[in-house]
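Worksheet: the structure to be examined is printed underneath.
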Amino acid sequence: MIPLTKQHSEQDNALPLLGIQGVTKRFMKGNMPVDILKGINMDIQAGEFVTLMGPSGSGKSTLLNIIGGLDKPSSGSLTFAGEDLANFSQSQLAKWRANNLGFVFQNYQLIPVLTAAENVEMPLLLRNMSKQERQRRVSTALEVVGLSNRQDHYPKELSGGQEQRVSIARALVNDPKFLICDEPTGNLDSLSGKQILSILSSLHRDFGKTIIMVTHDKEAANIGSRLVRLQDGMLQGEAP
Amino acid sequence: MNLPTFVIRNALRNRLRFALTVGTVAAAFCLLALFQATSQGLMGNIANSETDQLIVLNKASASSPLPIKYLEHLSSYPQVAEIGYADWFGGYFQRPENSVPVIAVNGDAYLKANPDFTLDPLSLRNWLANRNGILVSEKMAQRMNILVGQKFSLGSSIWKRSDNEPYWDFIVSGIYQTSEDSVVAGLNLFMHYDYLNEVKIVRKNTVGAFSLLLNDPNQYAQISQSIDAHFANSGAATSTMTLAAYAEAMLSQMVNISEVIKYVMGVIFVTSIGILAANISNNLRDRRKEVALTSAIGFSHHRLFSLFFCENALLLLSGTGLGYLLGFAIISVLYEQIGLFLPAFGLSVSGVLTGIGIAAGISLILAVLPLRELYTLKLSEQLKAA
């Protein structure tokens with residue numbers, strides 16, 4: 001597995017990869033303020049596979065978006081390897097995401113005019129990297145998700161499960177510090193869902209990838225190393 | 001894949017929309033190319049002309065006469081190498097509406113003062129030897145199938161003959177050529193001034209204009225001022241200007257082509273922006289999720305702006321290129337007819353570069369439009385949406 005490095009060690013555990021302190025998120029619904037997150041405190045260590053569960057509206061996707069730098073908290077702080085992200089500008093956040101994160105979305109979010117390989121290659125276009133190196137990384141990422149034989153297919157020529165595997169390959173290709181998965185099996189049949197969970201599990205187990213995954217599915221939630229429950233914008237408890 | 005490939009894939013994702021947009025832009029720039037060619041035809045040689053040829057007219061109006069005796073003073077300038085003079089004949093063939101541009105000139109001297117016209121020595125001798133000899137421009141000769149030795153009669157809408165005969169007889173003495181870069185169209189026929197002056201009843205010994213050829217083009221301003229100052233208080237004050245300035249003044253009486261070009265460019269600018277803004281707006285609406293995705297995986301706003309700029313530039317430059325190609329094809333066909341009157345009719349490099357500059361400018365302006373959208377785009381909402 002050429003581009004994927006085994007990332008966490010015992011030493012890494014001294015400082016949390018991600019620190020969430022007192023994070024709140026308030027939206028305005030008309031003139032009424034609605035508190036989606038009500039003071040979340042949580043540390044995530046490198047190499048953890050954290051699954052977030054909770055009913056609809058509990059704030060899990062909002063928390064995930066804040067962790068991924070797609071949204072900003074109303075208050076509280078978010079630190080990454082000890083660095084506070086609160087004051088990052090848009091371009092600094094974009095660069096941070098490019099260097100450290102891989103996203104897997106429920107709706108795959110593939111670009112329809114690009115082939116599977118080209119979709120996977122997208123994050124690498126931001127890096128100063130030779131064409132050969134990009135192709136090598138793309139091939140490896142597609143191999144990890146078992147889609148080497150589909151690299152020239154366009155999204156419309158792939159099944160939902162295959163599209164999600166391309167999406168995982170895209171998230172992996174930059175060898176990010178952690179993966180953010182927002183209900184990755186939500187749109188898939190059970191067989192495809194199991195394949196996706198198996199891939200994520202392997203990434204965590206074999207390559208030490210830090211993964212944060214939101215899910216509604218209890219079976220999916222159990223593959224993580226730590227289960228966090230959210231209820232009404234607050235943490236309810238954790239299961240190791 | 002690389003970023004240019006990504007830009008091309010995005011631009012071509014809806015091929016019909018791309019083709020229609022490029023076609024519209026192409027039509028606009030084709031129109032611009034035609035106007036630029038017309039402008040070049042009318043003004044091109046004027047802009048590039050030397051300032052060694054002066055024309056002296058009556059200050060009151062170009063149609064008012066000047067006494068021929070002014071020749072004596074004009075000849076006194078050592079900087080003046082050659083002097084010719086000319087008068088309008090106002091010729092027509094059979095009926096006044098069939099006008100023929102005949103000018104009465106003082107023979108060899110006029111041709112020397114106007115080096116744009118060239119005539120072979122045999123034809124010159126032939127012309128000087130015939131009182132009613134007439135020189136025909138090559139373009140007119142070709143157009144009207146006129147041959148050397150041919151005889152014809154013309155009426156004059158300005159002059160009456162002293163013998164009350166209605167027509168003036170001519171014999172074609174030669175065919176002259178006009179240089180390609182001349183500011184004059186080179187369509188006139190030249191008769192002898194003496195023939196006109198002897199036969200006409202009124203305004204004898206007067207001319208319409210003097211033509212001066214200078215030794216040094218840099219002297220034109222000083223000499224013009226000196227001539228006009230000398231005749232300022234005489235019966236016919238003069239207005240002296242370069243031949244190019246005179247041609248431009250005559251042209252502007254018909255149409256202010258530079259103003260027309262400005263309006264056309266303005267219309268093209270606004271139309272292109274309108275069409276492309278609508279196109280970009282549709283594109284953004286269709287691709288909001290993809291924009292959110294590219295932003296999420298690390299594309300900064302600056303880079304997204306660059307991608308939009310390149311996509312717009314691809315659209316506009318394709319349209320501009322196609323428009324100029326079409327324009328060039330049309331101009332090539334039109335030149336067969338218009339080139340006779342406007343030898344400089346055609347596209348110039350600077351004209352094409354102006355068009356490309358306009359396209360690049362529009363691309364830049366249009367790339368700013370999605371910026372507002374980018375800054376207000378809720379990534380989390382777009383990426384969550386089904």
Side-chain angles (χ1 to χ4, degrees), chain A residues 25 27 61-72 89-115 117-127 129 131 134-135 138 154 167 170-171 173-174 176 180 182-183 186-187 214, chain B residues 1-19 279 282-311 314-315 368 370-386:
Chain A
K25 186 68 183 179
F27 290 110
S61 287
T62 305
L63 179 59
L64 200 69
N65 288 329
I66 289 172
I67 291 171
L70 301 179
D71 213 343
K72 289 205 165 190
S89 66
Q90 283 285 355
S91 61
Q92 284 174 314
L93 269 179
K95 195 174 178 185
W96 174 75
R97 287 195 299 265
N99 291 333
N100 298 293
L101 296 190
F103 285 98
V104 180
F105 301 100
Q106 182 179 356
N107 298 313
Y108 331 128
Q109 306 291 3
L110 300 181
I111 296 174
V113 292
L114 302 180
T115 63
E118 288 166 343
N119 266 289
V120 174
E121 195 179 0
M122 277 293 289
L124 299 180
L125 298 181
L126 299 167
R127 298 223 166 166
M129 196 178 279
K131 189 179 175 187
R134 289 202 309 267
Q135 285 176 341
V138 169
Y154 286 91
S167 161
R170 181 181 61 198
V173 76
N174 248 348
I180 287 188
D182 191 0
E183 302 196 42
N187 281 0
V214 161
Chain B
M1 189 185 68
N2 48 29
L3 286 173
T5 310
F6 184 50
V7 168
I8 292 168
R9 293 280 183 85
N10 273 328
L12 292 174
R13 64 170 57 207
N14 188 330
R15 295 191 180 205
L16 179 63
R17 187 188 288 172
F18 180 83
N279 185 56
N282 287 336
N283 261 337
L284 263 180
R285 196 183 56 219
D286 295 349
R287 286 159 52 189
R288 212 168 267 155
K289 279 188 199 173
E290 290 175 35
V291 172
L293 171 81
T294 45
S295 187
I297 64 174
F299 280 69
S300 63
H301 287 171
H302 168 259
R303 197 173 287 267
L304 287 170
F305 172 82
S306 305
L307 291 175
F308 277 113
F309 169 74
C310 291
E311 207 175 313
L314 180 67
L315 261 171
V368 175
L371 273 184
R372 193 178 70 87
E373 186 91 12
L374 285 178
Y375 278 101
T376 55
L377 195 68
K378 298 276 185 199
L379 298 186
S380 52
E381 285 175 18
Q382 291 302 323
L383 294 167
K384 188 70 183 171

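Excluded from the calculations below are hydrogen atoms, water molecules and symmetry mates; all remaining heavy atoms, backbone and side chain alike, are included. Protein chains get the first letters and strands the later ones, always in sequence-line order, with residue 1 at the start of each.
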Does any pair with a residue in residues 99-110 of chain A pass salt bridge (Lys or Arg N to Asp or Glu O under 4.0 Å), and if so which ones, sequence neighbours excluded? none
Would you call B/Ser295 and A/Gln90 a side-chain contact if the rule is heavy atoms closer than 4.5 Å? no
For B/Ile297, is there any backbone N or O sitting under 3.5 Å from a side-chain donor or acceptor partner on A/Arg97? no
About how many Å separate CG of A/Leu114 and CG of B/Asn10, when rounded to the nearest 0.5 Å? 7.0 Å
With a 4.5 Å limit on heavy-atom distance, are the side chains of A/Glu118 and B/Phe6 in contact? no
Taking atom CE of B/Met1 and atom NZ of A/Lys131, what is their separation to the nearest 0.5 Å? 11.5 Å
Locate the shortest heavy-atom distance separating A/Val113 from B/Arg9; write the atom from each residue and the value. O-NH1, 3.0 Å
pair B/Leu293-A/Phe103: side-chain heavy atoms closer than 4.5 Å: no
Answer key: most heavy-atom pairs under 4.5 Å with chain A among B/His302, B/Arg287, B/Glu290, B/His301 is B/Glu290
At a 4.5 Å cut-off on heavy atoms, which part of B/Arg303 comes close to chain A: side chain, backbone, both, or neither? side chain
Between chain B and each of A/Leu126, A/Leu70, A/Asn187, count heavy-atom pairs under 4.5 Å; write down the option with the most. A/Leu126
Distance, nearest 0.5 Å, that separates CG of A/Leu93 from OG of B/Ser300: 12.0 Å
